[in-house]
Amino acid sequence: MSVSLEERFQGSLLGLAVGDALGGRFEAQSAEHLRQRFSGVESLINYVADEIWYTDDTQMTIALAEVLADQGEILEQPLCAAFVANYVPSRGYGRGARMVIEAMEEGEGYQAVASKHFPGGSYGNGAAMRVAPVGLFFHDNEARLLEQARQSAFPTHVHPLGIEGAQLIAAAVAYVTRSDEFKRDDFFRLLISHCQSEEYREKLAMASETTSIEQLAALGNGIEALESVPTAIASFALSPESYAETIGNVILLGGDTDTLAAMAGAISGAYLGVEAIPKRLLDRLEESPKGKAYLRNLASRLLLK
Ligand code: 8NA
Ligand code: MG
Ligand code: MG
Ligand code: MG
């Protein structure tokens, strides 16, 4: 398989946005309900008839990518400024994230909000859902990848489980960006070697053995990083050759469907490239000022920096 880096960078950002936008249609629905509505992934994708709009997941990803494209690294102040500049509350931000970004906007002490709003900080999946640009940008720079993923989490997510989730998605995106052939055992060995907690080590061991939808569901579909990051990684590893299956299978789990599909789609798109995203979906992704064309261009800027 030969996929250019440009196709991978575009595939990851657009794959994330498409997963987010499709998944966003079904957020918080149950697996039972979705399984009654759709016979499978194909019928889920064929259901899309009009424009699909992304949510906070893509909006925050854009902020990270802009900082990397401008600065060449994630720096705290430019990142906060980019979160604020891109912030549209109606795009469905998490409760804690909203409080932190609004404190940034007001020039108040957002660090205190980030560490005190939830005890120990947020372990939501908000740092993991937006980290793909770090994985792309540092795909061949192991020394900076994890530190930069941490840095990108910090303004909003100080809980170790929130940060670790971001580091694992970044490492997954980086690994597949370097890969012409998916080597499942290598992939999981590397990710498990990056784990700092027993919780993630256990979940990734389960993910490495996931060969069915039932096992995928057992990994979780929640808004917490630990209940969604391993699931997204496992869904990619279950269908490495299909973007549609990778995002469709996690959307049909219900729960945090936009974020599961954003993370899974970012990994799959980085591996398979932009051509692997079904035309039906990509054609319908929003054409707003920071829509499809902007994302494609942003991916190219990231690559050229
Ligand atoms: P966050 O930091 O608000 O965390 C998300 C949620 O996780 C919180 O609202 C809490 O319920 C829970 N949580 C996190 N940390 C703790 C803790 N220490 N103690 C107890 N509960 C905790 O926001 P985020 O950016 O991490 O969230 C990302 C999610 O929010 C994504 O799913 C994204 O799509 C968005 N989201 C929005 C809606 C919506 O209102 N439309 C619904 C679900 C998710
Ligand atoms: Mg969202
Ligand atoms: Mg979500
Ligand atoms: Mg470069």
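Starting from 1, each residue takes its place in the sequence as its number.
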Within 6.0 Å of CD in Glu275, more than 12 heavy atoms from elsewhere: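 No, not enclosed.
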Taking all heavy atoms of [X] and all of [Y], pick out the closest pair and write down the distance.
X      : Y      : result
Ala170 : Val131 : N-CG1, 3.6 Å
Val41  : Ala244 : CG1-O, 3.3 Å
Lys203 : Pro230 : CB-CG, 3.7 Å
Ile247 : Ala261 : CG2-O, 3.6 Å
Leu16  : Ala132 : CD1-CB, 4.0 Å
Gly220 : Thr231 : O-OG1, 2.8 Å

Please report the C-alpha distance between His139 and Val173 in whole Å, then the side-chain angles of each, then the deciding distance to 0.1 Å, and finally whether the side chain to side chain contact (heavy atoms under 4.5 Å, CB included) criterion is met. CA-CA 8 Å; His139 72 275; Val173 168; over 6 Å; no
Can you check side chain to side chain donor-acceptor pair (under 3.5 Å) on Ser4 and Glu6, steps first, answer last? CA-CA 5 Å; Ser4 73; Glu6 186 166 42; 5.5 Å; no
Per the side chain to side chain contact (heavy atoms under 4.5 Å, CB included) rule, which among Ile62, Leu303, Thr61 passes with Leu298? Ile62
Among His159, His157, Glu224, exactly one meets side chain to side chain contact (heavy atoms under 4.5 Å, CB included) together with Ser122. Which residue is that?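 Single pass found, and it is His157.
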Test item: [X] side-chain N/O and [Y] main-chain N/O as donor-acceptor pair under 3.5 Å:
X      : Y      : result
Asp57  : Ala262 : no
Ser193 : Leu190 : yes
Tyr271 : Phe182 : yes
Thr55  : Gly24  : no
Arg130 : Met60  : no
Thr58  : Tyr54  : no
Glu164 : Ser197 : yes
Lys305 : Gly72  : no
Gln167 : His194 : no
Glu227 : Ile223 : no

Worked verdict on Asn249 versus Ser235 for side chain to side chain donor-acceptor pair (under 3.5 Å): CA-CA 7 Å; Asn249 283 333; Ser235 187; 4.9 Å; no
Contacts under 3.5 angstrom, residues 94-102 side chains, donor-acceptor by atom type, not counting sequence neighbours:
residue: Arg98; atom: NH1; partner: Tyr93; partner atom: O; Å: 3.0
residue: Glu102; atom: OE2; partner: Tyr87; partner atom: OH; Å: 2.6

When clusters are formed from ILVMFWY side-chain contacts under 4.5 Å, directly or step by step, what else is grouped with Val158? Phe154, Ile163
Could you check whether any side-chain heavy atom of Ile74 comes within less than 4.5 Å of a side-chain heavy atom of Phe137, counting everything from C-beta outward?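 Ile74 does not reach Phe137 side chain to side chain.
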Measure the shortest side-chain to side-chain distance between Tyr243 and Val18 over non-hydrogen atoms and say whether it is less than 4.5 angstrom.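 Of all side-chain heavy-atom pairs linking Val18 with Tyr243, at least one is under 4.5 Å.
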Would you say [X] and [Y] are hydrophobically clustered, going by side-chain heavy atoms of ILVMFWY under 4.5 Å?
X      : Y      : answer
Ile251 : Leu260 : no
Tyr175 : Leu136 : yes
Val67  : Tyr110 : yes

Less than 6.0 angstrom separating the ring centers of Tyr47 and Phe26, yes or no?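 Ring centroids of Tyr47 and Phe26 are less than 6.0 Å from each other.
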Do Phe118 and Tyr123 make the cut of ring centroids closer than 6.0 angstrom? no
Answer yes when [X] and [Y] have at least one side-chain N-carboxylate O distance shorter than 4.0 Å, and no when they do not.
X      : Y      : value
Lys290 : Glu66  : yes
Asp50  : Arg25  : yes
Arg284 : Glu51  : no
Arg280 : Glu42  : no
Glu147 : Arg144 : yes

So Gln111 and Ser115, side chain to side chain donor-acceptor pair (under 3.5 Å) or not? Walk me through it. CA-CA 6 Å; Gln111 295 96 338; Ser115 50; over 6 Å; no
Salt bridge (charged side-chain N to carboxylate O under 4.0 Å, His left out) evaluation trace for Glu287 with Arg296: CA-CA 12 Å; Glu287 311 238 19; Arg296 206 182 267 277; over 6 Å; no
Mind running side chain to side chain donor-acceptor pair (under 3.5 Å) on Asn221 and Asp256 for me, showing each step along the way? CA-CA 6 Å; Asn221 66 359; Asp256 196 2; over 6 Å; no
Could you check Arg8 against Asp180 for salt bridge (charged side-chain N to carboxylate O under 4.0 Å, His left out), going step by step and ending with a plain yes or no? CA-CA 11 Å; Arg8 292 174 188 275; Asp180 282 326; 3.1 Å; yes
